[in-house]
Amino acid sequence: MDGDPVWADTALLIIDMINPLSFDGADRITGDVEAAAEVILRLRNRADAARAPVVYVNDNFGCWSDDRREIIARAAATSGPVSRISKRLEPRDRDIFIVKPQHSGFYGTSLPVLLPNIGARRLVLTGLAAEFCVLFTAADAFMRDYQVRVPANAVVAAKPERLEWALDVMQSLGADTRRASGDASPPL
């Protein structure tokens with residue numbers, strides 16, 4: 001990969017951020033999701049500048065026949081901050097979009113085949129929910145010998161009281177959980 005050596009062999013994964021936030025308690029985390037979205041946008045800009053791949057790994061939220069377009073449209077059609085977040089983070093044509101059926105981005109998806117084919121050995125994981133989908137994706141990444149970075153300010157827990165716990169678990173597995181800096185350059 002050309003560009004910033006910090007991003008060499010690295011892929012940015014944006015997990016479940018294209019999301020209608022239609023679960024109990026979602027209203028309590030909307031501000032946290034907006035703040036994380038800003039960090040994720042800066043990370044995406046850095047990945048773009050380094051020509052590193054950006055991969056959206058997104059739940060289908062029980063709509064099993066939905067594709068990328070329908071998932072994006074459903075999230076954007078919600079009102080208020082949720083719609084703004086989805087529109088700001090909307091995947092571009094050049095981004096890869098993978099629909100996942102369960103918590104881990106690796107389970108039942110093309111991610112295990114995709115990452116070696118795009119030359120990724122290091123992953124920056126961002127998104128929702130830190131204590132479920134991000135954690136399970138991180139655990140599966142470790143089992144596959146990826147170096148993992150989970151910037152603490154680029155993930156949100158569905159239950160905020162579980163964020164530190166989830167970060168501690170990922171850190172115990174070997175993840176770097178330092179916050180992304182102001183320019184969103186993640187040290188890997």
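We number each residue from 1, following the sequence as shown. All values below were derived from every heavy atom in this structure, side-chain atoms included, with hydrogens, water molecules and symmetry-related copies excluded.
- Heavy-atom minimum distance, Pro151 versus Leu125: CD-O, 3.5 Å.
- The shortest side-chain heavy-atom distance between Met170 and Leu135 falls under the 4.5 Å cut-off.
- Summarising the geometry, atom CD1 belonging to Ile98 is positioned 12.0 Å from atom CD1 belonging to Ile14; distances are rounded to the nearest 0.5 Å.
- When every heavy atom of Arg44 is checked against every heavy atom of Val54, the shortest pair comes out as CG-CG2, 4.0 Å.
- Distance NZ/Lys87 to CD1/Ile18: 12.0 Å, rounded to 0.5 Å.
- Looking at every heavy atom in both residues, Glu38 comes nearest to Arg88 through OE2-NH1, 2.7 Å.
- Taking 4.5 Å as the limit, some side-chain heavy atom of Phe132 sits within range of a side-chain heavy atom of Arg162.
- Residues Val148 and Val150 meet the side-chain proximity criterion, which asks for heavy atoms closer than 4.5 Å.
- Using a 4.5 Å heavy-atom cutoff, the side chains of Leu163 and Glu131 are not in contact.
- Counting only heavy atoms from C-beta outward, the side chains of Asp140 and Arg144 approach each other to under 4.5 Å.
- Between Arg122 and Asp9, no side-chain nitrogen of the basic residue sits less than 4.0 Å from a carboxylate oxygen of the acidic one, so the salt-bridge criterion is not met.
- Residue Lys100 forms a side-chain hydrogen bond (donor to acceptor under 3.5 Å, both in side chains) with just one option from Asp16, Thr137, Asn58, and that option is Asp16.
- Taken to the nearest 0.5 Å, the NZ atom of Lys159 stands 9.0 Å off from the CG atom of Asp24.
- We find the CG-CZ distance between Leu167 and Arg179 to be 10.5 Å, quoted to the nearest 0.5 Å.
- Summarising the geometry, atom CD1 belonging to Ile71 is positioned 11.5 Å from atom OG belonging to Ser86; distances are rounded to the nearest 0.5 Å.
- Summarising the geometry of Val39 relative to Asn153, their closest heavy-atom pair is CG2-O, 3.5 Å, with the distance given to 0.1 Å.
- For the side chain to side chain contact (heavy atoms under 4.5 Å, CB included) with Val55, the lone residue among Leu12, Leu114, Asp95 that qualifies is Leu114.
- No side-chain donor-acceptor contact under 3.5 Å links Arg51 to the backbone of Ala47.
- With contacts defined as side-chain heavy-atom distances shorter than 4.5 Å, the pair Ile15/Leu128 does not qualify.
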Next item on the list: Take Leu13 and Thr126 through the test side-chain contact (heavy atoms from CB on, under 4.5 Å) and record every step on the way to the result.
Entry: CA-CA 6 Å; Leu13 274 59; Thr126 65; 5.9 Å; no

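- In this structure, Arg121 satisfies the cation-pi test against Tyr146, with its NZ or CZ atom closer than 6.0 Å to the six-membered ring centre and inside 45 degrees of the ring normal.
- Looking at heavy atoms from C-beta onward, Phe97 lies in side-chain contact with Val99 at the 4.5 angstrom threshold.
- A pairwise comparison of heavy atoms in Ala158 and Ile29 identifies O-CG2, 3.8 Å as the closest pair.
- The closest side-chain heavy-atom distance from Arg94 to Asp48 is below 4.5 Å.
- For the atom pair SG of Cys133 and OH of Tyr107, the computed distance is 13.5 Å after rounding to the nearest 0.5 Å.
- The shortest heavy-atom contact between Leu89 and Ile40 is CD2-CG2, 3.8 Å.
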